[in-house]
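Quick notes on the structure that follows.
First the proteins, then the strands, lettered A, B, ... as listed; each starts at 1. It should be emphasised that the depicted structure is a prediction, and the values quoted were computed from it without experimental measurement.
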Amino acid sequence: MKFYNTLTRRKEDFVPLAPPRVGIYTCGPTVYNFAHIGNLRAFTFEDLLRRYLEYKGFAVQHVMNITDVEDKIIRTVRETGKTLAEFTGFYTAEFFRDLDTLNIKRAHITPRATETIPDIIKLIETLIARQHAYVADDGSVYYSIQSFPEYGKLSHRKLDEQLSGARVKQDEYAKEQMADFALWKAWNEDDGPVKWPSPWGEGRPGWHIECSVMSMKHLGPSFDIHCGGEDLVFPHHEDEIAQSEAATGKPFVKYWLHNAHLLVEGKKMSKSLGNFFTLRDLLAKGWTGREIRYALLSCHYRDPLNFTFDGLQAARSALQRMDEFLLKLQAVATTLAATERRPPEGFAPSKPIQSDFDSALDDDLNISGALGALFEFIREANKRTLGPDEAASILATWRRLDEVLGFGIPTKSEVPDGVQALVEERQAARKAKNFKRSDEIRDELAKQGWVIEDTPQGPRAKRK
RNA sequence: GGCGGGUUAGCCAAGCGGUAAGGCGGAGGUCUGCAAAACCUCUAUGCAUCGGUUCGAAUCCGAUACCCGCCUCCA
């Protein structure tokens, strides 16, 4: 199994620090608003990664933080007049609901920044003691980048080289160096009631420190995988490395995996362009969680994903094809073997489905290859008449693969007695060549939201 | 200015030196009383352009063009 490691800029064989355990930390949401589909792409990718590792037999320990104190939150919470906890509690709950809608597994541990303040203070004290951090006049604490010679190793940049051409914001605080970043931000009156006591006076944690603290608290000073969007490489993850390794003297993370951003209809998502979507926006337009999941998942995580409504429609159609196949398998599998004429020879697809699926995903989660293997298999199997045993066996394999994909196996929708009666009445009318009557019934069923499919095995009612 | 990514059919998208996966859409067919659905078949002599290396290149090398990301809060 290979993953592209941002740290080395290469695909590397995945070798956990202490197999079969795998520790994963994924940067979670800042809960000041509903998650948008760009955020959700990251979480969908991380879900694929986690599910695949579990599928391969690793004992995954997944930690995802909830950032529930931060500049934007403080600003917004003041406007609403709510307490910080009420405000962030609402969006945290909505966030988890979104994950459920997309069938994204929740992390085993989801620590909140505000619940980790004592640990954060402890780590800052360590950094000060080791002379990697200093207290400014206003009671803020800053990390001294100069004190960490390896700074820049993740994002592969040298600070002095790039500052010249970059836009640089005016320094608002008493930092010694431009690029130093805050570990602890001293309270000021704009922060209102949001503050915690610390050895340096009242204030709140900086953004980067919480991830160092929460990841190491639950996964240890060194762990296997750290994920996030590509925008987090610098400065967020770079700063995490600096904080963590300076404090512990140990390598922080072995594999850094970053997902690319997405575009919507070919453009960068923005509210002013009207192409900014939250999950609820899409649900309101009639798309389902699994369709959105498919659309977000079907493109490689390191490529920019162009999220479009055409793409959603393609996802819907592709899923229908899968569902159709799986429903057919279920129908065949549940047929009594004794009454079913077995095909003359066993179904032997030209390529084994699971090994193709695995080898694609082994290669840095090549989801396109994996899905390609599945659809190729469907076409081959559709050409054949399958026996019950074969169908059952394929279904069992598919269930296993779906543990990775998380699209779900469809179940035959229950047909209400009234609908079934109409279906039978129509069939009788057709037999009697009373097509006027049978078409009337078809229209009536359509009104009730049911479509009739006349298959060689007889009519079948399906929900529209 | 620094660093990085991309350009494959109408759309999305694999491919990692051996002669273009897959999905959507489209066309044809099977089935059907007619439909619908489903299924099957077909759908890139060519992979941005120009050179080069090689027996062989979408794949490697060098230019060129266009697009994009990060360098500031950000998935």
>> Please determine whether any donor N or O and acceptor N or O are separated by less than 3.5 Å between the side chain of A/D356 and the base of B/G22.
In response: no

>> Please determine whether a side-chain nitrogen or oxygen atom of A/N306 lies at a distance below 4.0 Å from atom OP1 or OP2 of B/C11.
In response: no

>> Under 3.5 Å, is there any donor-acceptor pair linking the side chain of A/S368 to the base of B/G15?
In response: no

> Can you find a donor-acceptor N/O pair under 3.5 angstrom joining the side chain of A/R9 to the base of B/C3?
Replying inline: no

>> If I take atom CD in residue A/E240 and atom P in nucleotide B/A75, what distance separates them, rounded to the nearest angstrom?
In response: 13 Å

> Closer than 4.0 Å, any side-chain N/O of A/R321 to the OP1 or OP2 of B/C40?
Replying inline: yes

> Are A/F435 and the base of B/G33 stacked, counting only ring centres nearer than 5.5 Å and planes tilted under 30°?
Replying inline: yes

> Contact class for A/G311 vs. all strands (heavy atom < 4.0 Å): base, sugar-phosphate, or nothing?
Replying inline: nothing

> A/T308 near the nucleic acid: base, sugar-phosphate alone, or nothing, with a heavy-atom cut-off under 4.0 Å?
Replying inline: nothing

>> Are there runs of at least three consecutive Watson-Crick or G-U pairs touching RNA chain B, with each pair's two distances under 3.5 angstrom? Give them by first number.
In response: B:1-7 with B:65-71, B:10-12 with B:22-24, B:25-30 with B:38-43, B:48-52 with B:60-64

>> At less than 3.5 Å, do the side-chain atoms of A/D303 and the base atoms of B/A13 form a donor-acceptor pair?
In response: no

> Touch check for A/R426, heavy atoms < 4.0 angstrom, all strands: base, sugar-phosphate only, or nothing?
Replying inline: base

> Quick one: do A/D71 and A/R204 make a salt bridge, cutoff under 4.0 Å?
Replying inline: yes

>> Is the phosphate of B/G69 approached by A/K267 (side-chain N or O, under 4.0 Å from OP1 or OP2)?
In response: no

> How is A/K383 classified with respect to the nucleic acid when contacts are heavy atoms under 4.0 Å: base, sugar-phosphate, or nothing?
Replying inline: sugar-phosphate

> So what does A/I37 hit on the nucleic acid, given a heavy-atom distance under 4.0 Å: a base, only sugar-phosphate, or nothing?
Replying inline: nothing

> If you look at every strand shown and take non-hydrogen atoms under 4.0 Å, does A/H300 touch a base, only sugar-phosphate, or nothing?
Replying inline: sugar-phosphate

> If you look at every strand shown and take non-hydrogen atoms under 4.0 Å, does A/R379 touch a base, only sugar-phosphate, or nothing?
Replying inline: sugar-phosphate

> Would one find a side-chain N or O of A/R460 under 4.0 angstrom from OP1 or OP2 of B/A36?
Replying inline: no

> Could you walk me through whether A/W256 and A/N5 pass the side-chain contact (heavy atoms from CB on, under 4.5 Å) check?
Replying inline: CA-CA 5 Å; A/W256 288 89; A/N5 189 352; 3.8 Å; yes

>> Determine whether a donor-acceptor pair (one donor, one acceptor, N or O, separation below 3.5 Å) exists between the side chain of A/R442 and the base of B/A35.
In response: yes

>> Quick check on B/G5: is either OP1 or OP2 less than 4.0 Å from any side-chain nitrogen or oxygen of A/R302?
In response: no

>> What contact category does A/D310 fall into here, base, sugar-phosphate, or nothing, at under 4.0 angstrom with non-hydrogen atoms?
In response: nothing

>> Is the terminal nitrogen or CZ of A/R41 (NZ for Lys, CZ for Arg) located under 6.0 angstrom from the six-membered ring centre of A/F307 and within 45° of that ring's axis?
In response: no

>> Tell me whether the ring of A/H261 lies stacked over the B/G69 base, given a 5.5 Å limit on centroids and a 30° limit on the plane angle.
In response: no

